Asker: 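Structure in structure tokens, see below.
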Amino acid sequence: MIEDLTIAAEALTEATTEAGDKLSIGEAAGTAAFGYAVVFAGLVILMIVLYCTGAYFKSKEAKEKAAVEAEKKTAPAVQAPAVPAAEPKLAPGSAGHVKLFDVPDKEAAMIMAIVADKMQKPLNELHFISIKEVK
Amino acid sequence: MDVIETLKTLWNDSGFHSFFTGDGWKNLIMIFVSCLLLYLGIKKKFEPLLLVGIAFGCLLVNLSYFGSGSSDALYHLDLWDNFLDPAHEDYHSYGAILKHGGLLDILYIGVKAGVYPSLIFMGVGAMTDFGPLISNPKSLLLGAAAQMGVFLAFFGAVCLGFTGQEAASIGIIGGADGPTAIFLTTKLAPHLLGAIAIAAYSYMALIPMIQPPLMRLLTTEKERQVKMEQSRTVSKTEKIIFPIIVAMFVILLLPSTAPLVGCLMLGNLWRECGVTERLSDTVQNALMNIVTVFLGISVGATTAASRFLSLETIKIVVLGLTAFCFSTVGGLLVGKLMYRLSGGKINPLIGSAGVSAVPMAARVSQMEGQKANPKNFLLMHAMGPNVAGVIGSAIAAGFLLAVFK
């Protein structure tokens, strides 16, 4: 495919050189259509490559998940010591925790980013108490 | 000392005198244009980081260059004409530029050699998260579709009498990618650089005004209301492999894209690999700012009145707008097709983000989507086509360069 494209591009280059700097309308239409096709072809092939790598990583992830679950099932249950759980450490610059009600983490992050953008304030200077989806 | 004679000499040497001799009045018009561009950049915030520099470069060149006799000019058009003339002894001689050139001539070497646009691309790569594109590779189709304006404007430019090289440089305005437009124009039609760069950056700044009417015209209320599902999470390994795959594939396909795509992907690899934070930070901030300073002012310097004030500039401005509009339309039409094929799961508004102005075009999709449905969050979905557009416009530029160089 790459060879075909190269040959076609060379043919076009020759045509334009032969015609001098000015192109005829027919040549321009041909070059435009071919160029658009090359962009599509390039990105379609890239899309296929990305789908293939994505599928590989998805299957790898699924296998790892299955292995972890199988390990959990086979391993004897270890009684955890009755120690009160330590407070999770906050990220540097964090203003604390936000309670989410029926809102996925990603959407909450986007909402906080949009609010910060609209208010023209850095995100770490804002304190969100809770985010709830109004149904 | 003859005071009168000295005053006369000073007056004759001054720029004020030059305004009233020959085509000096054209410089006055360009000074007005540069003030207008400064107003748009500072007051209206039209791509201020570049437009203020371009406008001031335009001001400086039109205050100091009044034709080939201007020895004190900051930028010399005649030197660059000699540089491009195979019959001249200074053909392709950077030495001659360094010897006889002014400050802006020397800074312009970075544009002419294609260094600044490539370094800007490196910064863009380091600032871009390709995650939305990797999680939804279909976005690449929208990025490809939105290059329609590039090729339609190319065709239009040929119909209006431009040469193939000039038409290719004008068409790339539709890619909505300033560095790519500058890179291609410097290689194919350097005499049009000022007009093309100003048109490209002005239209990029005007995206929130140009795109929404087209988006509303080409989509129905029902289509705009579509709430898209969350994409899958992309692993760190995938993000590291992505720039390597894209660089290998695209550069092998079109070697002429190597400077742009190579730098874009290197910047992105520095961002994602996790062991080069310092480099990623430098490229995103310090280097990007330094190159922006040089790029803006030296591109502005190419707008000397004798070259800029022509019918060609008006044609470029009109064709550039056409290119932008058709690129938006191309993205939206394929977005609509994907809406149909997916059974209404894809919001066609993300198609318009296929023009590569990152992240402005994606933000416009988000705003329009939210107007139709306040619960709509299209930003991350639109970022996929948006970054695909960067790759698409680099491929389009690579194709045009391969054909016309």
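Remember, predicted model here, so these are calculated numbers, not experimental data. Below, each value reflects all heavy atoms present in this structure, side chains not excepted, and no hydrogens, waters or symmetry copies. The sequence lines fix the lettering, A, B, ..., with proteins before strands; numbering per chain opens at 1.
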Asker: Sort M110(A) into side chain, backbone, both or neither according to what part of it lies under 4.5 angstrom from a heavy atom of chain B.
Answerer: side chain
Asker: L400(B) versus chain A, heavy atoms under 4.5 Å apart: side chain, backbone, both or neither?
Answerer: neither
Asker: Output yes when a side-chain donor or acceptor of S135(B) lies under 3.5 Å from a complementary backbone atom of T233(B), and no otherwise.
Answerer: no
Asker: So, does N268(B) use its side chain to make a donor-acceptor pair with the main chain of G125(B) at under 3.5 Å?
Answerer: yes
Asker: Counting only heavy atoms closer than 4.5 Å, note whether A157(B) contacts chain A via side chain, backbone, both or neither.
Answerer: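 Contact with chain A involves no heavy atom of A157(B) at all.
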Asker: Checking heavy atoms, do the side chain of V39(A), its backbone, both or neither come under 4.5 Å from chain B?
Answerer: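 Contact with chain B: backbone and side chain both.
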Asker: Among T53(A), L43(A), I25(A), which has the most heavy-atom pairs under 4.5 Å with chain B?
Answerer: L43(A)
Asker: Between Y51(A) and K138(B), is any pair of side-chain heavy atoms under 4.5 Å apart?
Answerer: yes
Asker: Report yes if the side chains of M119(A) and L126(A) come closer than 4.5 Å at any heavy-atom pair, otherwise no.
Answerer: yes
Asker: Could you tell me which portion of I114(A) (side chain, backbone, both or neither) has an atom closer than 4.5 angstrom to a non-hydrogen atom of chain B?
Answerer: side chain
Asker: Examine F154(B) together with F404(B) and report whether their ring centres are nearer than 6.0 Å.
Answerer: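 They qualify: ring centres under 6.0 Å apart.
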Asker: Using heavy-atom distances under 4.5 Å, tell me whether E166(B) contacts chain A through its side chain, its backbone, both, or neither.
Answerer: neither
Asker: Should we count NZ of K236(B) as having more than 12 external heavy atoms under 6.0 Å?
Answerer: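 Counting neighbours around NZ of K236(B), more than 12 heavy atoms of other residues, nucleotides or ligands fall under 6.0 Å, so yes.
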